[in-house]
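Below: one structure, written as structure tokens.
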Number of protein chains: 2
Amino acid sequence: MILDSETKAVELPDDHGTELRLWLRLLTCTTLIEGEVRSRLREKFDVTLPRFDLMAQLDKVSDGMTLSDLSKRMMVSNGNVTGLVERLVESGHLDRRTSETDRRVQFIRLTKAGRAEFRKMAAEHEKWIADVFGDLSPKDIRELMRLLAKTKGSAQRSAKARSA
Amino acid sequence: MILDSETKAVELPDDHGTELRLWLRLLTCTTLIEGEVRSRLREKFDVTLPRFDLMAQLDKVSDGMTLSDLSKRMMVSNGNVTGLVERLVESGHLDRRTSETDRRVQFIRLTKAGRAEFRKMAAEHEKWIADVFGDLSPKDIRELMRLLAKTKGSAQRSAKARSA
DNA sequence: ACCGATTACTTTGAGCTTCAAGCAATTCGT
DNA sequence: ACGAATTGCTTGAAGCTCAAAGTAATCGGT
């Protein structure tokens with residue numbers, strides 16, 4: 001308990017320590033898991049996480065996606081995607097094709113080989129993730145999902161307020 | 001409900017979809033917040049997030065820290081820290097001093113100016129984070145803290161099991 | 001006291017990432 | 001139908017990141 005000069009109980013002004021600790025814990029969890037996934041992908045499939053993530057986005061659709069779509073979904077910059085796609089086309093995992101109706105637009109797809117390769121990796125990946133969260137009960141998972149959804153909403157609100 | 005060839009109800013084998021969705025949500029939250037903090041740091045203080053993180057580690061102690069300590073605490077590679085420290089010494093934020101008793105070891109400290117600069121940034125940073133989590137009730141925060149602690153433990157167990 | 005193992009740090013090479021600036025194609029207002 | 005804004009993507013510069021290999025100093029067992 002803290003008392004001010006007039007001997008009244010006061011709160012510490014702007015004590016946001018709990019939020020900060022929460023953020024650090026969230027960051028630690030993500031870094032930990034991300035690092036683990038990164039090593040395993042490298043070790044077993046000799047692929048980087050960004051490449052895997054990009055292929056994961058493309059695997060969700062059958063008919064391709066533009067670079068901008070990829071950029072938005074992966075939450076990385078446009079220039080970043082340009083380079084990643086370039087390397088993945090080079091290695092034969094992806095296929096690019098210019099739009100007929102808008103010559104600025106490129107549709108990116110997984111090649112047959114690329115999709116097969118990705119599916120193999122994704123199956124393993126899913127098991128790793130299940131193991132990573134293995135100590136959590138179904139109830140824990142549901143609750144965590146709910147709280148993270150709320151967190152996401154809150155963060156978006158905060159980001160939006162700034163940029164507005 | 002899925003029926004197999006003998007018309008018996010079966011579970012999808014190894015359905016770890018919920019864990020995967022949880023992981024993606026966790027990752028989204030972190031990426032979102034990290035990106036937000038990154039822009040604000042750049043915008044208001046013209047500093048990068050890794051530099052800020054490194055200074056944050058050093059601010060916790062008064063008497064300095066070795067490169068290895070920094071590397072462990074920040075969960076990044078040794079070589080990475082070498083470069084970061086180099087640039088921060090260059091810019092006058094840090095101070096390096098070789099150990100008397102072990103000439104391999106370097107003690108890194110914030111300079112007076114570096115600490116002052118960091119404190120200013122940290123105060124703002126704390127407010128941003130409070131705002132980011134602003135929609136969560138105190139109870140939400142407690143619960144999220146608890147579940148993330150459990151997640152961290154689980155992830156560490158999983159990582160350890162592999163490397164063993 | 002020596003030699004092998006370990007520890008602290010640096011270097012290197014490849015890849016990832018961002019921001020900002022730039023180019024080309026399209027869309028929109030008038 | 002013209003020019004201005006917008007959109008989709010690429011480029012360039014700086015910085016971050018890692019894994020692996022390298023160097024130097026210390027520690028430990030004999």
Side-chain angles (χ1 to χ4, degrees), chain A residues 27 30-32 34-55 64-91 93-94 96-108 163, chain B residues 27 30-32 34-55 64-91 93-94 96-108 163:
Chain A
L27 188 55
T30 301
T31 305
L32 204 56
E34 200 171 301
E36 188 58 20
V37 170
R38 196 185 296 276
S39 335
R40 295 201 198 195
L41 280 175
R42 164 178 294 277
E43 202 169 281
K44 320 239 168 171
F45 299 107
D46 194 36
V47 75
T48 66
L49 185 51
R51 276 163 152 96
F52 178 81
D53 283 346
L54 196 151
M55 288 194 271
M65 201 179 265
T66 69
L67 290 184
S68 300
D69 288 340
L70 282 169
S71 168
K72 271 181 214 104
R73 288 185 190 243
M74 296 176 70
M75 300 196 282
V76 300
S77 66
N78 273 340
N80 193 349
V81 173
T82 295
L84 277 170
V85 165
E86 198 170 282
R87 287 183 285 269
L88 282 164
V89 167
E90 175 64 27
S91 64
H93 293 87
L94 266 44
R96 64 198 315 170
R97 172 171 59 86
T98 303
S99 164
E100 303 279 324
T101 59
D102 184 340
R103 271 173 299 171
R104 287 170 306 178
V105 176
Q106 310 250 347
F107 290 108
I108 312 297
S163 67
Chain B
L27 189 54
T30 301
T31 306
L32 204 55
E34 201 172 299
E36 188 59 19
V37 170
R38 194 186 297 277
S39 332
R40 295 201 198 195
L41 281 175
R42 164 176 295 280
E43 203 169 281
K44 320 240 165 163
F45 300 107
D46 193 35
V47 75
T48 66
L49 185 49
R51 277 163 153 94
F52 178 80
D53 283 345
L54 196 151
M55 288 194 272
M65 202 179 265
T66 68
L67 291 182
S68 299
D69 288 340
L70 282 169
S71 167
K72 272 181 213 101
R73 288 185 190 241
M74 297 177 71
M75 299 196 282
V76 301
S77 67
N78 274 341
N80 192 349
V81 173
T82 294
L84 278 170
V85 166
E86 199 171 282
R87 287 183 285 271
L88 282 165
V89 167
E90 175 64 27
S91 64
H93 293 86
L94 303 186
R96 66 198 312 172
R97 171 171 59 87
T98 303
S99 164
E100 303 281 325
T101 60
D102 184 339
R103 271 172 297 171
R104 289 169 306 178
V105 176
Q106 310 249 350
F107 291 108
I108 312 296
S163 66

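A note on names: the letters A, B, ... follow the listed sequences, proteins ahead of strands, and every chain is numbered from 1.
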Quiz item: Out of C:dC9, D:dC16, D:dT26, which nucleotide sits closest to the side chain of B:Asp102?
Solution: D:dT26
Exercise. Check for a donor-acceptor pair, side chain of B:Thr30 on one end and backbone N or O of B:Leu27 on the other, with a separation under 3.5 Å.
Key: no
Quiz item: With nearest nucleotides of DNA chain D determined for A:Ser39 and B:Thr48 from heavy-atom distances, which residue corresponds to the more 5′ nucleotide?
Solution: B:Thr48
Self-check item: For the student: nearest non-hydrogen atoms of A:Met74 and A:Pro50, plus distance
Solution: CE-O, 3.9 Å
Quiz item: For DNA chain C, what residues of residues 65-73 of chain A have any heavy atom nearer than 4.0 Å?
Solution: none
Quiz item: Nearest nucleotide by nearest heavy atom, which residue falls closer to the 5' end of DNA chain C, B:Gln106 or A:Asn78?
Solution: B:Gln106
Practice problem: Round to a whole Å and report the spacing from NE2 of B:His93 to P of D:dG15. | Solution: 14 Å
Quiz item: Hey, what do you get for CG (A:Leu84) to CD1 (A:Ile108), rounding to the nearest 0.5 Å?
Solution: 11.5 Å
Quiz item: Counting any heavy atom closer than 4.0 Å, what does B:Thr101 reach on the DNA or RNA strands: base, sugar-phosphate only, or nothing?
Solution: sugar-phosphate
Quiz item: So does A:Arg38 get a side-chain nitrogen or oxygen closer than 4.0 Å to the phosphate oxygens (OP1/OP2) of C:dG15?
Solution: no
Practice problem: Could you tell me which non-hydrogen atom of B:Arg96 sits nearest to which non-hydrogen atom of B:Glu86, and how far apart they are? | Solution: NH1-CA, 4.4 Å
Quiz prompt | Separation of atom CG in A:Leu41 from atom C1' in C:dG15, rounded to whole Å | solution = 15 Å
Quiz prompt | B:Gln106 backbone acceptor or donor facing B:Thr98 side chain under 3.5 Å | solution = no
Practice problem: Would you tell me if any nitrogen or oxygen in the side chain of B:Asn80 comes within less than 4.0 Å of OP1 or OP2 on D:dC18? | Solution: yes
Quiz prompt | side-chain contact (heavy atoms from CB on, under 4.5 Å) assessment of B:Leu67 paired with B:Asn78 | solution = CA-CA 7 Å; B:Leu67 291 182; B:Asn78 274 341; 5.8 Å; no
Practice problem: Could you pick out which residue, B:Val105 or A:Gly79, lies toward the 5' side of DNA chain C when each is mapped onto its nearest nucleotide? | Solution: B:Val105
Exercise. Let me know the distance between CG of A:Leu88 and C1' of C:dC16, rounded to the nearest Å.
Key: 12 Å
Exercise. Round to the nearest Å and state the distance from B:Asp46 atom CG to D:dA14 atom C1'.
Key: 12 Å
Quiz item: Starting at CD of B:Glu86 and ending at P of C:dT12, how long is that distance when rounded to a whole Å?
Solution: 11 Å
Self-check item: Candidates D:dC16, D:dC18, C:dT10 - which lies nearest the side chain of B:Val76
Solution: D:dC18
Quiz item: Between B:Arg96 (CZ) and C:dA8 (C1'), how many Å, whole number?
Solution: 12 Å
Practice problem: Identify which nucleotide among C:dC16, D:dT10, D:dG15 has an atom closest to any side-chain atom of B:Arg51, counting heavy atoms from C-beta outward. | Solution: D:dG15
Quiz item: After noting the C-alpha distance and the side-chain angles of B:Arg73 and B:Met65, does the key distance pass the side-chain contact (heavy atoms from CB on, under 4.5 Å) rule?
Solution: CA-CA 11 Å; B:Arg73 288 185 190 241; B:Met65 202 179 265; 3.7 Å; yes
Quiz prompt | Residue whose nearest DNA chain D nucleotide is more 5′ - B:Pro50 or B:Glu100 | solution = B:Pro50
Practice problem: Determine: side-chain N/O of A:Arg103 to OP1/OP2 of C:dA24, distance under 4.0 Å, yes or no. | Solution: no
Quiz item: Between D:dC18 atom C1' and B:Leu84 atom CG, what is the distance in whole Å?
Solution: 13 Å
Practice problem: Check whether the side chain of B:Arg104 and the base of D:dT26 form a donor-acceptor pair under 3.5 Å. | Solution: no
Exercise. Measure from the side-chain heavy atoms of A:Arg87 and tell me the nearest of D:dC18, C:dA8, C:dC16.
Key: C:dC16
Self-check item: Donor + acceptor pair across side chains of B:Ser77, B:Asn80 (<3.5 Å)
Solution: no
Self-check item: Length of the CZ-P vector between B:Arg40 and C:dT18, whole Å
Solution: 18 Å
Exercise. Identify whether any heavy atom of A:Thr82 sits under 4.0 Å from a base atom; if not, whether one sits that close to sugar-phosphate; answer base, sugar-phosphate or nothing.
Key: base
